[in-house]
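Heads up: the structure comes next, in structure tokens.
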Amino acid sequence: MASCSAYRRWLVSLYRGNSKIITSSILYNKLSWARMSSSSLVSSQFERVGFIGLGNMGSRMANNLIKAGYNVLVHDVNLDVMKKYSDNGILTKNSPFEVAEECDVVITMLPSSTHVMDVYTGRKGFLSDGNLLRPQLFIDSSTIDPQTSRTVSKAISGCKLKEDRGGSGSPAILDAPVSGGVLSAETGSLTFMSWLRWFQRLLKARALVGGSEQAYMSSKPLLLSMGKNIIHCGGPGNGSAAKICNNLALAVSMLGVSEAFALGQSLGISAHTLTKIFNSSSARCWSSDSYNPVPGVMDGVPASRNYEGGFAAKLMAKDLGLAAVSAKEVGLSSPLTFLAERIFTELCNEGHGVKDFSCVFRHYFSGKDEL
């Protein structure tokens, strides 16, 4: 593994070069670097950690594992990202299968259910050489539908360990989608359910975890290197289910708040005034008091910077699509799910998909900036 000073120089160079793997100044304080050189958080059970998926979220999660002292091995389809890690002493591999062959635990952070299935069961996936596996634990932090999580869990649970270290003889798997957004991933404050918690104003993230209690307990030191809150949600797929339910509620609350603000403006009530009313009465919610969608009302939120950064509308549309599919599969009437999906999909089709999802206030409800 690269030395602390070399790793720090690399992060600084990435920042100066405007790389997609951007680091915050918070990473450079003394406590952060002391944490990086310390092995106190490293679980001896999982000394070599594989990480697959080095996008905006995954790269920051992998970086925090490296800082915590884990021996990290990475893979991504983006060869430029792989080269950046390789040039700084981080071991890279050419396929998910090669990662699994050398690791005690493997974490995946991938864009969709299709990508997850390919990494686990595809031609160069974890199971491409049969049902004997080296890793004792797999953690999928991707936001996917619960059905895919349960399919993958069943496939992994049916395998055997190449080297049984006194356990059940079979590898364990957790679905642990993350909540907290890019900044939370960067500062190591995600929430895992046994996922990582939704993007909060104070940059605390949590994880919502689905899987066995034993696997959940053994994974906690690892997850706490990347996040601050871990919530065990029950059996396989429950972490994924919790994530899409959380984001469904968030989408609907943002739509309600945005519509109310737009109506208030049309009736002559300022958003500043309505915000005070909402936040001191029954309409108070995260979308009004911590992530206000009206430009000019609150500093430090995407609405204050032309809806740049934050949680992209296209990702919200994707999560609502997962919720809609799940609702259909269980035969649940979910009218707000389907309406919210339609609105955010329309927003994306009109070219606003990369904007923060709170831009629905301006681009769907035609809300105005607060002067």
Side-chain angles (χ1 to χ4, degrees), residues 20 22-27 56-57 60 143 178-191 196-206 227-229 243 246-266 269-320 340 343-344 347-348 350-371:
K20 289 184 179 180
I22 302 170
T23 56
S24 151
S25 60
I26 196 169
L27 291 176
N56 284 333
M57 290 289 289
R60 290 159 171 84
T143 297
V178 302
S179 175
V182 171
L183 289 176
S184 293
E186 187 172 300
T187 58
S189 56
L190 289 166
T191 293
L196 292 170
R197 181 175 112 190
W198 226 99
F199 178 34
Q200 296 208 337
R201 196 178 176 195
L202 296 179
L203 304 183
K204 294 180 180 178
R206 58 188 66 141
K228 286 190 174 180
N229 300 290
K243 175 66 182 288
N246 180 84
N247 282 12
L248 165 60
L250 175 63
V252 171
S253 70
M254 181 59 75
L255 291 175
V257 164
S258 296
E259 184 173 309
F261 278 133
L263 177 60
Q265 288 180 335
S266 298
I269 307 173
S270 74
H272 273 111
T273 299
L274 276 182
T275 297
K276 291 178 182 178
I277 294 169
F278 288 179
N279 294 344
S280 60
S281 61
S282 56
R284 183 176 186 174
C285 64
W286 189 78
S287 296
S288 69
D289 73 0
S290 298
Y291 213 74
N292 197 290
V294 183
V297 170
M298 184 176 291
D299 294 331
V301 296
S304 70
R305 51 180 185 270
N306 196 30
Y307 301 103
E308 299 293 338
F311 187 59
K314 65 180 181 181
L315 297 179
M316 181 59 84
K318 170 207 162 188
D319 289 358
L320 289 167
I343 290 174
F344 280 102
L347 202 64
C348 295
E350 292 177 354
H352 308 299
V354 298
K355 296 285 189 179
D356 181 75
F357 79 108
S358 62
C359 77
V360 71
F361 167 77
R362 173 183 287 170
H363 297 301
Y364 184 83
F365 293 108
S366 302
K368 299 176 179 62
D369 292 9
E370 192 80 347
L371 299 177

Test item: Pro302 and Tyr291 side chains (from C-beta on) under 4.5 Å apart, heavy atoms:
yes
Do you know the tightest heavy-atom contact between Ser280 and Lys276?
OG-O, 2.8 Å
Hey, does Gln265 have a side-chain heavy atom less than 4.5 Å from the side chain of Phe361?
yes
Nearest 0.5 Å please: distance from the CG atom of Asn292 over to the CD atom of Glu370.
9.0 Å
Side chains of His352 and Tyr364: does their closest heavy-atom pair fall under 4.5 Å?
no
Starting at CD of Glu350, measure out to SG of Cys359 and round the result to the nearest 0.5 Å.
10.0 Å
Would you sort out whether Met316 and Val360 count as a side-chain contact (heavy atoms from CB on, under 4.5 Å), showing the intermediate values?
CA-CA 11 Å; Met316 181 59 84; Val360 71; over 6 Å; no
Value for CG (Leu315) from CG (Asn56), rounded to nearest 0.5 Å, stands at 9.5 Å
Could you tell me whether the side chain of Phe357 reaches within less than 4.5 Å of the side chain of Leu347, counting heavy atoms only?
no
Looking only at atom types and distance, does a side-chain atom of Ser288 sit under 3.5 Å from a main-chain N or O of Arg284, one as donor and one as acceptor?
no
Look at the side chain of Asp356 and the backbone N and O of Ala312, then say whether any donor-acceptor pair between them is shorter than 3.5 Å.
no
Does a side-chain heavy-atom distance below 4.5 Å link His272 with Val294?
no
Between CG of Asp289 and CG of Asn279, what distance do you get to the nearest 0.5 Å?
5.0 Å
Restricting to non-hydrogen atoms, name the atom on Lys243 and the atom on Thr143 that form the minimum distance, rounded to 0.1 Å.
NZ-OG1, 2.8 Å
Heavy-atom distance under 4.5 Å between the side chains of Asn306 and Lys355, does that happen here?
yes
Spacing of CZ belonging to Phe261 relative to OG belonging to Ser266, to within rounding of 0.5 Å:
13.5 Å
So, Asp299 and Ser304: side-chain donor and acceptor under 3.5 Å apart, yes or no?
no
Can you name the closest pair of heavy atoms from Tyr307 and Pro293 and give their distance?
OH-O, 2.6 Å
Could you walk me through whether Phe311 and Asp319 pass the side-chain contact (heavy atoms from CB on, under 4.5 Å) check?
CA-CA 11 Å; Phe311 187 59; Asp319 289 358; 3.6 Å; yes
Are side-chain heavy atoms of Phe365 and Leu263 found at a separation under 4.5 Å?
no
In this structure, which one of Ser253, Ser358, Ser258 forms a side-chain hydrogen bond (donor to acceptor under 3.5 Å, both in side chains) with Ser287?
Ser253
